[in-house]
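Predicted model, so just to flag it, every value in this text is computed and none were measured.
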Amino acid sequence: MSARARLAGRQEEVLAALLRGDVPPGFAPASAAGTALTTRVLHRKRSDAVLRVAPELDLLPGWRDRFRGWAADHPAAGCAHDDLAAFTAWLPRHHPDAAGWLRLHAVHDGRRRAAVVTIAGRRSLVLGLGTRTWHLTRRRRAGLSEGAAP
């Protein structure tokens with residue numbers, strides 16, 4: 001085995017340990033605080049890449065914490081698109097409350113034309129036609145109190 005191959009193997013081993021939140025083998029146990037910070041930075045970088053692929057993730061409450069929990073057990077195996085596909089496949093089994101967001105994502109992804117979802121406590125009709133996506137939400141008329149007839 002060449003020195004280059006050994007170095008590449010060691011780099012993969014260190015990166016995998018950091019992504020899991022572990023102190024890499026051969027590192028001083030006292031560096032645990034630095035390891036935790038590095039793990040957070042790497043997870044943030046990975047989640048930022050996924051957010052660029054699917055901006056609708058910002059509509060999923062607590063998505064970064066959920067993603068961080070998923071990423072700790074799933075090392076990167078490709079690009080941000082692969083991460084998004086694996087994360088959305090994992091999400092319904094571990095967070096059943098994300099079903100509405102998954103319908104929304106399916107519209108943004110082009111797998112559905114329409115979905116009714118609740119975002120920030122408001123129901124919305126999400127329509128996807130071509131490359132455009134519309135979020136239609138009913139607004140209250142000014143001056144009407146709740147429970148009053150229109």
Side-chain angles (χ1 to χ4, degrees), residues 4-5 7-25 32-150:
R4 184 178 296 248
L7 178 61
R10 176 69 177 139
Q11 286 174 334
E12 286 180 26
E13 183 182 2
V14 168
L15 181 60
L18 288 171
L19 287 171
R20 284 191 313 271
D22 299 338
V23 176
T35 299
L37 177 62
T38 303
T39 298
R40 282 196 307 274
V41 168
L42 290 171
H43 284 188
R44 180 65 184 226
K45 182 178 178 181
R46 191 171 171 194
S47 67
D48 284 347
V50 172
L51 183 61
R52 282 190 295 278
V53 172
E56 68 273 11
L57 270 169
D58 266 343
L59 299 174
L60 177 63
W63 82 270
R64 284 206 193 256
D65 292 332
R66 296 174 195 216
F67 186 85
R68 190 178 308 116
W70 171 81
D73 295 330
H74 298 85
C79 65
H81 292 275
D82 296 332
D83 274 350
L84 178 64
F87 177 64
T88 56
W90 171 87
L91 199 56
R93 291 189 307 271
H94 297 85
H95 297 280
D97 62 322
W101 180 85
L102 288 167
R103 287 193 306 273
L104 168 73
H105 174 65
V107 173
H108 280 267
D109 202 30
R111 290 177 285 126
R112 289 181 74 150
R113 295 263 184 199
V116 176
V117 297
T118 302
I119 301 170
R122 296 186 71 183
R123 286 182 59 139
S124 297
L125 172 64
V126 182
L127 299 173
L129 300 170
T131 59
R132 305 279 317 254
T133 304
W134 289 275
H135 293 243
L136 307 172
T137 304
R138 188 172 167 193
R139 294 186 184 167
R140 290 196 180 137
R141 292 185 191 169
L144 288 181
S145 62
E146 198 166 310

Using 4.0 Å as the upper bound for N to carboxylate O, is an ion pair formed by Lys45 and Asp48? no
Correct closest heavy-atom pair for Pro61 and Leu59 would be CD-O, 3.3 Å
Distance col, row Leu102:CG vs Arg112:CZ, nearest 0.5 angstrom, shows 10.5 Å
Atom CZ of residue position Arg111 - does it have more than 12 heavy atoms of other residues, nucleotides or ligands inside 6.0 Å? yes
Please name the pair of heavy atoms, one in Ser47 and one in Arg64, separated by the smallest distance, quoted to 0.1 Å. OG-NH1, 2.5 Å
Any idea which heavy atoms bring Asp22 and Thr35 closest together, and the distance? O-CG2, 3.1 Å
What is the minimum heavy-atom distance between Leu127 and Ala114, and which atoms define it? CD2-CB, 3.6 Å
Could you note down all residue pairs passing ring-ring contact (aromatic ring centres under 6.0 Å, His included) where residues 109-136 supplies at least one of them, sequence neighbours left out? His108-His135
Pairs meeting criterion salt bridge (Lys or Arg N to Asp or Glu O under 4.0 Å) with involvement of residues 69-79, two or more places apart: none
Could you grab the distance from atom CZ of Arg44 to atom CZ of Arg68, nearest 0.5 Å is fine? 8.5 Å
Run the side-chain contact (heavy atoms from CB on, under 4.5 Å) check on Leu57 and Phe67 step by step: do they pass? CA-CA 10 Å; Leu57 270 169; Phe67 186 85; 5.9 Å; no
Is there a donor-acceptor pair under 3.5 Å between the side chain of Asp58 and the backbone N or O of Pro55? no
Under the criterion side chain to side chain contact (heavy atoms under 4.5 Å, CB included), which of Leu91, Asp97, Leu104 is the partner of Leu60? Leu91
Can you tell me if Thr39 uses its side chain to pair, donor with acceptor, with the backbone of Leu18 under 3.5 Å? yes
Please find the pair of heavy atoms, one from Arg10 and one from Pro25, that lie closest to each other, and give the distance. NH2-O, 2.6 Å
Minimal heavy-atom distance between Gly128 and Val107, with the atoms involved, is N-CG1, 3.6 Å
Spatial distance of atom CH2 (Trp101) from atom CZ (Arg66) [nearest 0.5 Å]: 10.0 Å
Residue set satisfying salt bridge (charged side-chain N to carboxylate O under 4.0 Å, His left out) with Arg122, at least two apart, ordered chain then number -> none
Partners meeting side chain to side chain contact (heavy atoms under 4.5 Å, CB included) with His74 (sequence neighbours left out): Trp70, Trp90
So, using side chain to side chain contact (heavy atoms under 4.5 Å, CB included) as the criterion, who are the partners of Ala49 when residues are at least two apart? Arg52, Ala80
Return yes if some donor-acceptor pair links the side-chain N/O of Arg123 with the main-chain N/O of Arg138 below 3.5 Å, else return no. no
Qualifying residues under side chain to side chain contact (heavy atoms under 4.5 Å, CB included), relative to Ala5, sequence neighbours excluded: Met1, Ser2
